[in-house]
Amino acid sequence: MKALRWHGQKDVRVEEVPEPSPGKGEVKIKVKWCGICGTDLTEYKSGPLLIPAKKPHPATGKQAPLITGHEFSGEVAEVGSEVTGIAVGDRVTVWPLLPCYNCYWCSRGRYNECLRLSTMGIAADGAFAEYVVVPERNVYKLPDNVTYEMGSFVEPLAVAVRACLRGEITIGDRVAVIGAGAIGLLALQVAKAAGAQQLFVIETQPARRELALKLGATHVFNPLEVDAGREIAKLTDNLRANKVIECAGIPATINMTLSVSGRAAKIIMVGISPTPVEFAFDRFLFMEKEITTVQGYCGDEFPIALSLLASGQVNVEPMISSKIKLADIIDKGFEALINNPEENMKILVSPE
Ligand SMILES: [Zn+2]
Ligand SMILES: [Zn+2]
């Protein structure tokens, strides 16, 4: 079969590889769509960060070259022995974590903190391929009205769901979302579904601000032109946001959380800064603000994400900037995202 394998930095290849077959308790899926994630892009541009390049991953025993891609949907093509809940022809998406299920954190359901965690598409073969084989317990059936395109958004949507769960976003909240990339736009919609009253989105790119308005933002701000904190104060009787979801992860936006949030606010950190950031801690402490962090998702978020898509509360269609073939993934996928980030939001890849 054809697959995209990561060999090294700026060295990914669409090549012929052996077609995998399912063992005991495993399911073979014919991939329909796989989204390009920021992680895939980072591994291409400046990796290896998480991909085991020099020695095998301790849990999976796998190392580069590896098939990447972890945001996917597909149709079940074959099932291994002892698979009981999934059948050939089922339309599915996949929870891509491979935790050990044995450690202290796994026994408490905190799979994202597993001491031996690995992830499909990073430390095991992923879904930029015609077929992928996964454990049955990782497979979720798509509701009838959730298309394969929508199914490929369940994984990033799970991150947005976790952000809102960790931030305890609820009825009447005044929520500010900083950064309207894929996760920010999904978090906006989940916060709205959770009952947030005012939804402020802070984003420098005009096309993304437009999209945010279309997807439920009550107000959008360009932080290069206005002081978002002051604008939000005007719209909230000086209370400012009581929940802030930071999805950009750069020093300027991490500090912006202080001015857009009010007293006793909760700041939810989703964006990742690879370098240390200077942060005005006194302004944070004197107003008894709280910070919570989000790393992926655990086991609860996938079912919630699926129901938000099925109910129409989360709309992903306008976020799809292009649908491409696997053969074109380097030029029309990775390079397009690097050279033209304003025009590209989520790119879906089909192996067909
Ligand atoms: Zn991802
Ligand atoms: Zn574990």
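Every number for a ligand or one of its atoms is a count from 1 in the order of the listing. Bear in mind that the values here come from a model prediction, so they are computed numbers and not experimental data.
- In this view, Glu290 and Lys266 satisfy the side chain to side chain contact (heavy atoms under 4.5 Å, CB included) rule, not counting sequence neighbours.
- Within the 4.5 Å cutoff, no side-chain heavy atoms of His57 are placed close to those of Leu66.
- Around the Zn ion (ligand 1), the protein contributes the following N, O or S atoms under 2.8 Å, ordered by chain and number: Cys37 SG, His70 NE2, Glu71 OE2.
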Q: For the pair Tyr297 and Tyr111, evaluate ring-ring contact (aromatic ring centres under 6.0 Å, His included) and give the outcome as yes or no after the intermediate values.
A: CA-CA 8 Å; Tyr297 36 79; Tyr111 302 118; over 10 Å; no
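- Relative to the six-membered ring of Phe200, Arg174 misses at least one condition, a distance below 6.0 Å or an angle of at most 45° to the axis.
- Residues Ser118 and Ala123 share a closest heavy-atom pair of CB-CB, 3.8 Å.
- Side-chain atoms of Trp95 never come within 3.5 Å of backbone atoms of Phe302 as a donor-acceptor pair (strictly under, hydrogens ignored).
- Of all protein N, O or S atoms, those under 2.8 Å from the Zn ion (ligand 2) number 4.
- Atom CG of Asn340 sits about 14.0 Å away from atom NZ of Lys332, to the nearest 0.5 Å.
- Evaluated for a salt bridge (charged side-chain N to carboxylate O under 4.0 Å, His left out) with Lys32, the options Glu352, Glu130, Glu149 yield exactly one hit, Glu352.
- Chaining together hydrophobic side chains whose heavy atoms lie under 4.5 Å apart places Val132 alongside Val27, Ile29, Val31, Phe72, Val76, Val79, Val83, Ile86, Val92, Val94, Leu98, Met120, Val134, Val139.
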